[in-house]
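A short write-up of the structure that comes next.
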Amino acid sequence: MILETTDFLSRELRYTKKAGNVGWESPSNLAIVKYWGKYGNQLPCNPSLSITLDQAKTKTTIDYQYDPSRAGLDLEFYFENRENDAFEKRIRKYLLSIVDYFPFISHSRLIINSENSFPHSSGIASSASSMSALALCLSSIEKTLDPSSFSDDHSFFCKASFVARLGSGSACRSIYPHFALWGKSDHFYDSSDLFAKEFNAFHRVFDGLRNDILIVSKKEKSVSSSAGHSLMETNPYRSTRFDQARSRIGLLQEILNKGEVWDFGAMLESEALTLHALMMASDPSYILMEPNTISVLKAIREFRLDTKIPVFFSLDAGPNVHIISFETDRPKVTGMLESIAKYAHQNIILEDRIGAGPKEITR
Ligand code: DP6
């Protein structure tokens, strides 16, 4: 069944007064084929496919008091156990923007606590993990208030992904284990721009996928992701890029399916460099890589050429480098990582790997 936006609207309120708490731990993700350019209300100009991470995650809990006679949202937000006005404002705006999907929001007192597993201001974008954790918590509240609101797990995660997308596009992919696909693609009949779905037809070689993150800089980006997406509207390579990404999704499906590690790495690196080339070709142009980013990319390519070990890089919209390798090569790769730690801010390399997706927290 192909779902439409209206399928996610909630039925009229008819829950009874209730209080409780819910919690989810949700990971970040790394796109292989990147989402870069959007239209309408947070819809992607091309499909993307990502690796769900394991260690880089956000833990969010919500204590809720729902009372149908309450008018308006009463919100308290704590980030890493402290009040955070800037985050609270953003979260309030987001919550009020999704009341059609979760009407209980406008009749509730919500106390939200959120914390990241990765170091504060490490330069890792936390929007994917935080918005997915929040969307899962909200879906859990709806399920508690009205147990018949979801017919099965699939509809629960589908709505969580839909709502996470409205907070941050890439967040909709974090809902699923291992690999996730977001965006309409001719290669997947039930794919949609509205939410992501799990991609599980992958070769077992990818079970051992490692993703170490070398933090080059933890400075705030000079151009935010949303500004970057907007600049794609006038990018001269726009349509070529969207066509390329669409056809790469089909190729990647096969690569993952057959376990073609070298083709996987070639696409991963090309996507990372293409993303940054698009930034450089924007008007106005901008550069998010730092000199140390380039040094790391070169070191990885040299190591690969010398050793024939499949180690690859990827980049998000920032200077930090994701280093992709496989468990079986770990001892040799560890030596290489030690040798490039000098390019990292305070020698920080965060170890991570492909992960099993979000986990519900029971208190
Ligand atoms: C380069 O999901 O952060 O990481 O939808 O505006 O929140 P918003 O953007 P965001 O963009 C992510 C861009 C990317 C590529 C990707 O994750 O696919």
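Everything numeric in this text was worked out from a predicted model, so none of it was measured. Start at 1 and go down the list; that is how both ligands and their atoms are numbered. Values below: all heavy atoms of this structure, side chains included; hydrogens, waters and symmetry mates excluded.
Classified by interplanar angle (parallel below 30°, tilted 30° to 60°, perpendicular above 60°), the ring pair His178/Phe202 is tilted. Between His229 and Trp36, the two ring planes are tilted [angle within 30° to 60°].
In terms of N/O distances under 3.5 Å, ligand 1 is approached by Tyr35. Below 3.5 Å of separation, one finds no N or O of Ala317 facing any N or O of ligand 1. Polar contact with ligand 1: present for Arg173 (N/O pair, distance under 3.5 Å).
Two rings, from Tyr64 and Phe104, have their centers 6.0 Å or more apart. Here the two rings, on Phe156 and Phe150, have centers that are under 6.0 Å apart.
At a heavy-atom distance under 4.0 Å, atoms from both the backbone and the side chain of Ser168 approach ligand 1. Contacts of Asn29 with ligand 1, taken as heavy-atom pairs under 4.0 Å, are absent altogether. Of the heavy atoms in Ser225, only side-chain atoms (C-beta onward) come closer than 4.0 Å to ligand 1.
Those atoms of ligand 1 with a heavy atom of Ser170 less than 4.0 angstrom away are 2 (O), 3 (O), 10 (P), 17 (O). Near Ala31, with a cut-off below 4.0 Å to any heavy atom, the atoms of ligand 1 are 16 (C), 17 (O), 18 (O).
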Please lay out, stage by stage, how Thr234 and Asp283 fare under the test side chain to side chain donor-acceptor pair (under 3.5 Å).
CA-CA 7 Å; Thr234 51; Asp283 182 15; over 6 Å; no
Glu76 vs Arg109, test: salt bridge (Lys or Arg N to Asp or Glu O under 4.0 Å). Steps then yes/no.
CA-CA 8 Å; Glu76 269 178 52; Arg109 171 166 164 71; 2.7 Å; yes
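Within a 6.0 Å radius of CG in Asp74, more than 12 heavy atoms belonging to other residues, nucleotides or ligands are found.
Heavy-atom separations between Lys38 and ligand 1 include at least one value shorter than 4.0 Å. Within the 4.0 Å heavy-atom shell around ligand 1 one does not find Met131.
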